[in-house]
There are 2 protein chains.
Amino acid sequence: MSTLTSTPDALAQRLADSGLRSTPQREVIYDVLLKKRDHPTADEVFARVKSELPTISLATVYNCLETLVQCNLVRAVNFERGPTLYCPNLRPHAHFHDEQTGATHDIDLPEGLLAQVTTILPQGYDAKSVEIIFRGKAQSAR
Amino acid sequence: MSTLTSTPDALAQRLADSGLRSTPQREVIYDVLLKKRDHPTADEVFARVKSELPTISLATVYNCLETLVQCNLVRAVNFERGPTLYCPNLRPHAHFHDEQTGATHDIDLPEGLLAQVTTILPQGYDAKSVEIIFRGKAQSAR
DNA sequence: CAACAAATTGGAATGGTTCTAAGGTGCAAG
DNA sequence: CTTGCACCTTAGAACCATTCCAATTTGTTG
């Protein structure tokens, strides 16, 4: 019931809240994101979903991902130029982009850090969101 | 002389350091970036440069911008999906993306903030760079 | 000034995403 | 029910930013 649940059917609920329908495509896409909590591209999601829904189209994958982003069930992330990554982690977190492997890791943020970072904004700036991106290398043994 | 100068000919120097030539195209592009310190796209740079160098090609603009980025004279920035923005501000700064106007503002960072933010990284993560992006609205009266 | 490397050019090609038009799906009112 | 209608999905075309390519041009060095 809370706003932070990621239960299987948070989806149906959230969609309904926005006056949208729960469809097989939307559900499978959301499941696929929850199951493997990495940062797939739309293409990658397309690939994963096809085994379940062989006739789904790439356009639908884009549509559904966009819908999930609207419903705040998924975050869209863009580093550098290149395909958008989709991230089902809803807790406040930063991203670490490993330049060797190309992998993206979530870094949980300590309580209050975002608030603190926001204090650097001069008067007149009203931030609705903050994104923190690290680039570098992560030790392989993790 | 110093690593932080942005004098007109820091360019020639930096290029030489990398074994590259100083060309009219590279110079005009760099000038154009220094003159109006905003966050133009390659296309926008192309437009601005054409009045000076009417026969320059878009490919050259991309090439030169890439060169400037390599030489650390310009930063390439990507918010959301969409064209890369080029930023001649070399001091450590965050970006504020005004969602109403689409404009991007530089926010200077207080001494030590990046170091501090970096401390949230768990062991084994070695960050070479940190990027902070705010989204929201900025008061128009600025 | 010849020869060679570096840089620029226009146009074609690419990759990710969005658009469009046509067809399905499922609830809702008669 | 069954008809209407809004919502969804689909395939493919279109789009846009960027990169690639092959052909010049420019500059430097021997």
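Note on naming: letters A, B, ... go to the chains in the order of the sequence lines (proteins, then strands), and numbering restarts at 1 for each one.
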Rounded to whole Å, CZ of B/R26 lies from C1' of D/dT26 at a distance of 12 Å

What is the separation between atom CG on B/N78 and atom P on C/dT17, rounded to the nearest whole Å?
12 Å

Is B/Y62 near enough to D/dT19 that one of its side-chain N or O atoms lies under 4.0 angstrom from OP1 or OP2?
no

Round to the nearest Å and state the distance from B/D43 atom CG to D/dT18 atom C1'.
10 Å

What nucleic acid atoms does B/L20 come within less than 4.0 Å of, heavy atoms only: base, sugar-phosphate, or nothing?
sugar-phosphate

Looking across every strand, which nucleic acid part, if any, lies under 4.0 Å from A/T55 by heavy atom: base, sugar-phosphate, or nothing?
sugar-phosphate

Contacts of type side chain to side chain contact (heavy atoms under 4.5 Å, CB included), residue A/Q25, not counting sequence neighbours:
A/T23, A/L53, A/I56, A/T60, A/C64

5' priority, DNA chain D, between B/L85 and B/P24 [closest heavy atom]:
B/L85

Can a side chain N or O of B/Q25 be found less than 4.0 Å away from OP1 or OP2 on D/dT26?
no

For A/L33 and A/L65, run side chain to side chain contact (heavy atoms under 4.5 Å, CB included): C-alpha distance rounded to whole Å, both residues' side-chain angles, the deciding distance at 0.1 Å, then the answer.
CA-CA 10 Å; A/L33 285 172; A/L65 286 170; 3.8 Å; yes

Please check if the side chain of A/R75 supplies one atom and the backbone of A/V69 the other of a donor-acceptor pair under 3.5 Å.
no

Separation of D/dC16 P from B/F46 CZ (nearest whole Å)
16 Å

Can a side chain N or O of A/R81 be found less than 4.0 Å away from OP1 or OP2 on D/dA17?
no

Atom pair distance, as rounded to whole Å: CG in B/L15 and C1' in C/dT8:
15 Å

Can you identify which nucleotide, out of D/dT18, D/dT10, C/dG16, has its nearest atom closest to the A/A59 side chain?
D/dT10

Among D/dT10, C/dT17, C/dT8, which nucleotide has an atom closest to any side-chain atom of A/I56?
D/dT10

For the ring pair B/H105 and B/F134, is the centre-to-centre distance below 6.0 Å?
no

Counting only side-chain nitrogens and oxygens, does A/T23 get under 4.0 Å of the OP1 or OP2 atom of C/dT25?
no

List in chain and number order the residues that pass ring pair (Phe, Tyr, Trp, His ring centres under 6.0 Å) with B/H95, two or more places apart in sequence or in another chain; answer none if no residue qualifies.
B/H39, B/F79, B/H93

Using only side-chain N and O atoms of B/R21, determine if any of them is under 4.0 Å from OP1 or OP2 of D/dG27.
no

I want to check one thing: is the phosphate of C/dT9, taken as OP1 and OP2, less than 4.0 Å away from some side-chain N or O of B/T60?
yes

Rounded to whole angstroms, how far apart are CG on A/N63 and P on D/dA6?
19 Å

Whole-Å distance, A/L53 CG to D/dC8 C1', equals 13 Å

Let me know the distance between CD1 of B/I29 and C1' of C/dT8, rounded to the nearest Å.
11 Å

For B/S22 and B/L58, find the nucleotide of DNA chain C closest to each by heavy atoms; which residue's nucleotide sits nearer the 5' end?
B/S22

